[in-house]
Amino acid sequence: MTTRELDLSMPLARMGGDAQLLRELAVLFLEDGPRRLAELQASLDAGQLESASRAAHSLYGLASNFDAAECVAAATSVEVHADAADISAARASFGALSTAVGRLSAALHDVLDTRNTAPLPP
Amino acid sequence: MTHTVLVIDDDRSVVVLVKHALQPLAVEIVSALSPQEGLKLVAEMSLDVILLDVKMPRMSGIEVLRQIRETNRRIPIILFTAGTHSNTAIEAMQSGAFDFITKPLEAERLREVVRRALEVQRQASVPVAVAVEEQDHRQEPSGLFVGRSRPMLEVFKEIGRVAGQNVTVLIRGESGTGKELAARAIYQFSDRANRPFMAVNCAALSDTLLESELFGHERGAFTGAERRHNGKFEQASGGTLFLDEVGDMSPLTQGKVLRVLQERQFERVGGNTTIETDVRLIAATNRPLEEMVESGEFRSDLFFRLNIVTIVLPPLRERMEDIPMLLQSFLTRYRQELNKPEIEGISPDALAILQQYSWPGNVRELQSVVRQFVLKARSQVIVPDDLPVHLCENVLTIRRVQDPTGDDPASIFETSEPPVPVADSGIFRSSLPSVDVKRFIEERLAAGSENLNEECIELIERYLYARVIDEFGGNQSKAARVLGVTRGKVRDRIAAFRIVVGKNVTVGAVDLPITGEDLLPERRSTGPSPSA
């Protein structure tokens with residue numbers, strides 16, 4: 001996903017045009033997104049469906065702030081499979097989610113213009 | 001006083017978003033990133049609103065909600081969820097959530113819901129204006145037949161006078177005024193109280209069926225009459241027969257009923273045997289029988305037979321002082337029936353709206369409204385937010401701003417600030433909400449309105465004209481000059497909006513003025529007050 005593909009007009013409208021708030025949420029995604037993804041992977045590896053579902057749900061929530069459809073859809077898929085106790089399907093969906101989180105992170109980095117610097121403090 | 005809002009969500013971006021979104025409300029935000037931490041804060045702190053995520057580690061938001069509700073039924077709890085499953089929403093509301101917001105969160109919507117929750121909390125914290133009855137003293141079936149107003153006392157007296165007399169009684173009154181209850185009261189206090197009471201609604205049956213229902217039929221009298229049927233005049237012999245909507249009977253049935261009244265005998269449909277009956281007849285109608293006699297729709301001889309004793313039930317708008325008592329009676333009943341033991345009463349603000357409404361459907365409508373708001377209630381006190389929207393739309397009152405600098409037009413749209421007391425108005429009027437355009441638009445949008453432009457303009461015009469006319473004590477010429485319109489236009493608007501000029505100018509889609517002196521028939525006016 002590139003910055004151009006990331007349409008932030010609706011998210012900005014939901015936040016009442018508060019660009020600073022959107023930036024703060026982007027920073028939080030860059031901090032929490034990869035952490036949640038790692039938690040999800042660990043849960044899937046350990047076959048812990050409940051915590052896998054929660055981690056996927058958190059990623060869903062984080063990504064939905066930016067209307068990041070690809071990431072939201074992939075997180076939903078993992079969560080649904082985990083809730084249905086289908087560990088192999090959940091694991092199979094993880095790859096797509098991981099890619100989507102990476103693409104969204106890159107796009108948000110661009111937005112923040114911090115690709116090569118440390119994330120802004122929250 | 002600063003209000004405190006607790007956010008319980010394991011996603012810290014939600015906490016950040018809530019802090020930004022609620023900044024204009026000047027509330028203090030405390031947060032908890034886990035259910036356990038949240039429950040601890042609930043136990044330790046004095047909170048005004050709780051925002052709670054549904055899906056969290058180790059304990060669901062619904063479970064947290066239930067735990068909080070075990071000890072605190074008052075605090076409004078708003079749930080967040082990322083999902084769109086209806087069962088979560090249903091479960092949440094069932095568990096006592098104030099409202100439910102889906103993620104991704106929208107700042108404006110969140111602010112609005114929290115503002116409403118705070119307002120409900122404020123209204124619910126003042127002493128209730130109408131409390132539920134501790135013990136149910138109602139005596140069925142006339143329990144609904146309550147009132148202490150002068151018109152109702154007259155009705156009770158009249159019932160007392162005629163109940164013991166074996167005379168036909170005609171009960172008149174608008175739909176929903178309780179005509180059958182009056183009939184039952186007459187029956188209960190009559191010498192026939194231990195004999196049958198039967199009721200037939202003449203408007204609910206076709207001519208043929210009504211005839212058969214009243215007089216019975218012989219076997220084979222018509223297709224489908226497989227066995228003999230005794231009619232109500234036969235079954236109720238020795239007792240009382242209540243004929244509701246008597247103005248809707250066909251001329252043929254009118255003739256037969258007249259014969260029973262005159263000769264106390266009749267024949268079943270398709271039969272030759274004359275049957276004697278001893279029935280006391282109580283009839284009721286909301287139709288203009290005199291006019292129907294004039295136009296030949298109703299037999300004059302039957303009318304005179306029925307019209308020996310007439311009891312007229314007043315419409316609710318002519319006995320507004322009975323509203324608190326009626327509300328108490330219905331509230332107590334529905335709290336029990338609908339299993340809402342937490343409900344304690346009705347807030348002064350909500351009562352004010354209920355007392356300003358014109359109740360075209362009379363007591364039956366009020367009963368239905370109480371049922372609705374008991375079902376909808378989200379806290380222990382019924383507040384304006386729980387009332388059906390049409391009640392608030394139809395009522396608009398002038399709030400005189402005593403602050404001489406209070407000329408900011410925007411101030412009329414505010415609902416969150418406490419009402420300004422008005423020296424010469426009733427205690428209820430002064431606390432009515434002012435025009436809330438935003439809410440009105442939102443609600444009309446949600447209702448799928450296709451005429452919003454006109455509806456909005458009318459809403460503003462109603463307020464504007466009433467306010468300006470009030471400003472000049474009902475003087476239309478002065479009002480016209482300030483408004484920049486002709487006197488004719490002012491007159492036209494007064495009539496169109498049913499603006500009533502009294503001690504206070506009131507306005508609304510009402511047929512009659514609202515309370516106190518304005519209720520007297522001679523005070524009904526669409527023109528200026530005598531003092532104007």
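Throughout, a chain's letter reflects where its sequence line sits, starting with A, and its residues are numbered from 1.
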Spacing of CG belonging to Asp11(B) relative to CZ belonging to Phe29(A), to within rounding of 0.5 Å: 10.5 Å
Separation between OG of Ser13(B) and CG of Asn65(A), rounded to the nearest 0.5 Å: 4.5 Å
Check ion pair Glu108(B)-Arg14(A) (N to O, under 4.0 angstrom): no
Contact summary for Gly16(A) and Ala107(B), nearest pair of heavy atoms: N-CB, 4.4 Å
Crowding at CD, Glu50(A) (>12 non-hydrogen neighbours, <6.0 Å): no
Neighbour count above 12 (heavy atom, 6.0 Å) for Lys376(B) NZ: yes
Portion of Leu110(B) that has a non-hydrogen atom of chain A nearer than 4.5 angstrom: neither
Under-4.0 Å salt bridge between Lys55(B) and Asp83(A): yes
Note: Arg12(B)-Glu24(A) ion pair, threshold 4.0 Å (strictly below): no
Separation of Leu25(A) CG from Leu17(B) CG (nearest 0.5 Å): 5.5 Å
Residue Ser53(A) versus chain B: region with a heavy atom under 4.5 Å: both
Contacting region of Asp10(B) [heavy-atom separation from chain A under 4.5 Å]: both
CE/Met45(B): more than 12 non-hydrogen atoms of other groups inside 6.0 Å: yes
